[in-house]
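Here's the structure, in structure tokens; my notes come after.
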Amino acid sequence: NKEKSGGYDLDGDPRMPILTSDSTTLPLSSISLRNLDDNARITDISETEYQIDAKRTIEQGAFTDFQMGARYADTMFKRRQGGPPAADVSGLTMADAISPWILDGDFGFGNAPADFLTMWPEGNPKEMYFRYAPAGPTVFDDSNYYTIHEKNTAGYAMVDFNHKAGEAIVKGNIGLRYVRTKFAGKGRVRLTAPTQTYVLDDEPALDATYTEPLPAFNVVIQPHYGSNVQIRAAFTRAMTRPTVSQVNPSIQIDAVDAVITKGNPDLSPFLAWQYDLGLEYYFGKQHEGLFSVSGFFKDVDNFIVAWATTE
């Protein structure tokens with residue numbers, strides 16, 4: 001734990017570690033409240049989108065149809081933060097509004113030592129805030145905000161095919177989607193001190209652009225006309241953009257706990273090569289029944305996870 005007075009032992013069943021603790025219990029009246037406030041946010045999202053698609057029957061050999069299109073989306077995210085007046089926590093402790101709850105008398109199926117803490121204090125912050133906070137309107141701080149402007153441009157082309165190879169019928173499509181994304185924006189630096197929160201003058205910027213080709217190939221093979229069996233295969237490349245909160249350039253500095261929290265404006269999109277293969281068997285008078293077996297493989301790049309480091 002934070003005070004390094006406990007730990008765990010995996011020598012037994014690794015699925016159920018044995019926990020240890022020094023069980024140093026503090027009186028609730030000795031745990032002072034650091035702050036008690038009510039945070040509110042206003043988030044505004046506006047988007048303008050244009051899209052055009054066209055399809056033409058071509059009937060050239062195995063190829064039957066050709067499709068193409070384009071899409072443009074312009075999205076603006078704005079968020080402001082504020083709240084009503086903070087409560088004066090001078091002299092307040094966890095004993096002023098507390099309701100203990102039982103973790104589990106047999107925590108870990110009895111694998112915790114006899115002196116392991118099983119009763120934990122839980123405060124009701126909403127109840128405490130309205131009990132001790134002064135009355136006042138919710139005020140939003142125009143200096144405590146972040147904005148992100150996202151522009152997405154995409155174009156695609158796809159051709160359908162239907163071909164007979166011997167007795168087998170082969171049909172499907174092959175295409176390419178080309179995507180360009182541009183992020184731009186700015187945030188603020190918020191510093192939490194022991195007695196007050198400050199919004200600094202710095203405005204961290206977001207400026208990122210990436211372009212990705214996304215090919216796709218899908219095919220269905222029927223051994224012969226009227227067959228109850230079909231083989232399906234697909235090969236695609238997929239992309240997922242990072243979320244607004246993940247690329248948010250704002251920085252939160254907690255000077256009390258010595259913790260800095262921030263997004264990553266330099267994140268690349270999540271990318272995956274996807275391979276799928278399946279076998280389908282239809283049965284019944286009207287082929288209303290289906291038995292299928294399928295499998296897939298994904299090769300993932302740029303998997304996005306939260307990351308913490310100590311310096």
Side-chain angles (χ1 to χ4, degrees), residues 43 45 47-55 62-63 65-77 146 148-163 170-185 187 206-222 229-250 261-281 290-309:
T43 302
I45 303 175
E47 181 176 80
T48 302
E49 178 183 347
Y50 304 94
Q51 182 168 334
I52 184 171
D53 298 280
K55 182 176 180 179
F63 300 108
D65 297 288
F66 176 73
Q67 301 179 54
M68 63 182 301
R71 178 181 180 271
Y72 173 79
D74 188 314
T75 308
M76 176 67 77
F77 301 85
Y146 72 79
I148 294 180
H149 192 187
E150 178 183 324
K151 294 182 179 181
N152 293 306
T153 306
Y156 78 92
M158 181 176 68
V159 62
D160 299 332
F161 58 86
N162 192 334
H163 179 66
V170 182
K171 57 185 178 180
N173 56 65
I174 183 170
L176 176 67
R177 184 178 184 86
Y178 200 73
V179 180
R180 183 179 188 270
T181 300
K182 179 175 177 58
F183 280 114
L206 165 64
D207 187 6
T209 303
Y210 48 81
T211 304
E212 297 292 342
L214 305 174
F217 173 70
N218 299 274
V219 63
V220 178
I221 302 174
Q222 192 174 19
V229 176
Q230 287 188 352
I231 301 170
R232 294 182 180 271
F235 163 73
T236 59
R237 188 173 191 242
M239 182 189 80
T240 301
R241 300 178 183 88
T243 64
V244 170
S245 60
Q246 289 170 335
V247 298
N248 173 18
S250 295
T261 304
K262 58 180 293 187
N264 185 357
D266 298 322
L267 282 177
S268 298
F270 173 98
L271 296 167
W273 290 100
Q274 303 178 135
Y275 308 86
D276 298 86
L277 181 63
L279 176 67
E280 300 175 349
Y281 174 72
L290 170 65
F291 174 79
S292 65
V293 178
S294 61
F296 67 89
F297 175 79
K298 295 181 184 290
D299 185 3
V300 177
D301 288 320
N302 304 332
F303 200 83
I304 299 173
V305 296
W307 180 65
T309 183

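In what follows, every heavy atom counts, from backbone to side chain, and hydrogens, waters and symmetry copies are set aside.
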Exercise. Please step through side chain to side chain contact (heavy atoms under 4.5 Å, CB included) for the pair Val219 and Phe161, ending with a clear verdict.
Key: CA-CA 9 Å; Val219 63; Phe161 58 86; 4.3 Å; yes

Of all residues at least two apart in sequence or in a different chain, which pass the salt bridge (Lys or Arg N to Asp or Glu O under 4.0 Å) check with [X]?
| X | answer |
| --- | --- |
| Asp207 | Lys182 |
| Lys262 | none |
| Glu212 | Arg237 |

Starting at [atom1] of [X], measure out to [atom2] of [Y] and round the result to the nearest 0.5 Å.
| X | Y | atom1 | atom2 | answer |
| --- | --- | --- | --- | --- |
| Phe291 | Leu279 | CZ | CG | 8.0 Å |
| Asn248 | Leu206 | CG | CG | 8.5 Å |
| Glu280 | Ser294 | CD | OG | 8.5 Å |
| Ile221 | Lys171 | CD1 | NZ | 12.0 Å |
| Met76 | Thr48 | CE | OG1 | 10.0 Å |

So which heavy atom on [X] is nearest to which on [Y], and how close?
| X | Y | result |
| --- | --- | --- |
| Ala238 | Leu214 | C-CD2, 4.3 Å |
| Pro213 | Leu176 | CB-CD1, 4.2 Å |
| Val300 | Phe270 | CG1-CE1, 3.3 Å |
| Pro265 | Ala208 | O-CB, 3.8 Å |
| Ile304 | Pro242 | CD1-CB, 3.8 Å |

For Thr243, all residues meeting side chain to side chain contact (heavy atoms under 4.5 Å, CB included), sequence neighbours excluded: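 Expected list: Ser245, Gln246.
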
By side chain to side chain contact (heavy atoms under 4.5 Å, CB included) - contacts of Val244 (at least two apart)
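Residues passing side chain to side chain contact (heavy atoms under 4.5 Å, CB included) with Val244: Phe77, Tyr146, Ile148.
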
Any side-chain heavy atom of [X] within less than 4.5 Å of one from [Y]?
| X | Y | answer |
| --- | --- | --- |
| Arg180 | Thr209 | yes |
| Lys151 | Tyr72 | yes |
| Asp74 | Tyr50 | no |
| Asp160 | Gln67 | yes |
| Arg241 | Leu267 | no |

- Message: Among Tyr275, Phe297, Phe217, Phe296, exactly one meets ring pair (Phe, Tyr, Trp, His ring centres under 6.0 Å) together with Phe235. Which residue is that?
- Response: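 So, applying the ring pair (Phe, Tyr, Trp, His ring centres under 6.0 Å) to Phe235 and each of Tyr275, Phe297, Phe217, Phe296, only Tyr275 qualifies.
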
Discussion item. Taking CE in Met68 as the centre, count heavy atoms belonging to other residues, nucleotides or ligands within less than 6.0 Å. Is the count above 12?
Written reply: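 No, because the 6.0 Å sphere around CE of Met68 holds 12 heavy atoms or fewer from other groups.
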
query: Which pairs, with at least one residue in residues 297-308 and sequence neighbours excluded, count as a side-chain hydrogen bond (donor to acceptor under 3.5 Å, both in side chains)?
result: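 Every side-chain hydrogen bond (donor to acceptor under 3.5 Å, both in side chains) pair that includes a residue of residues 297-308, provided the two are not neighbours, is Gln274-Lys298.
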
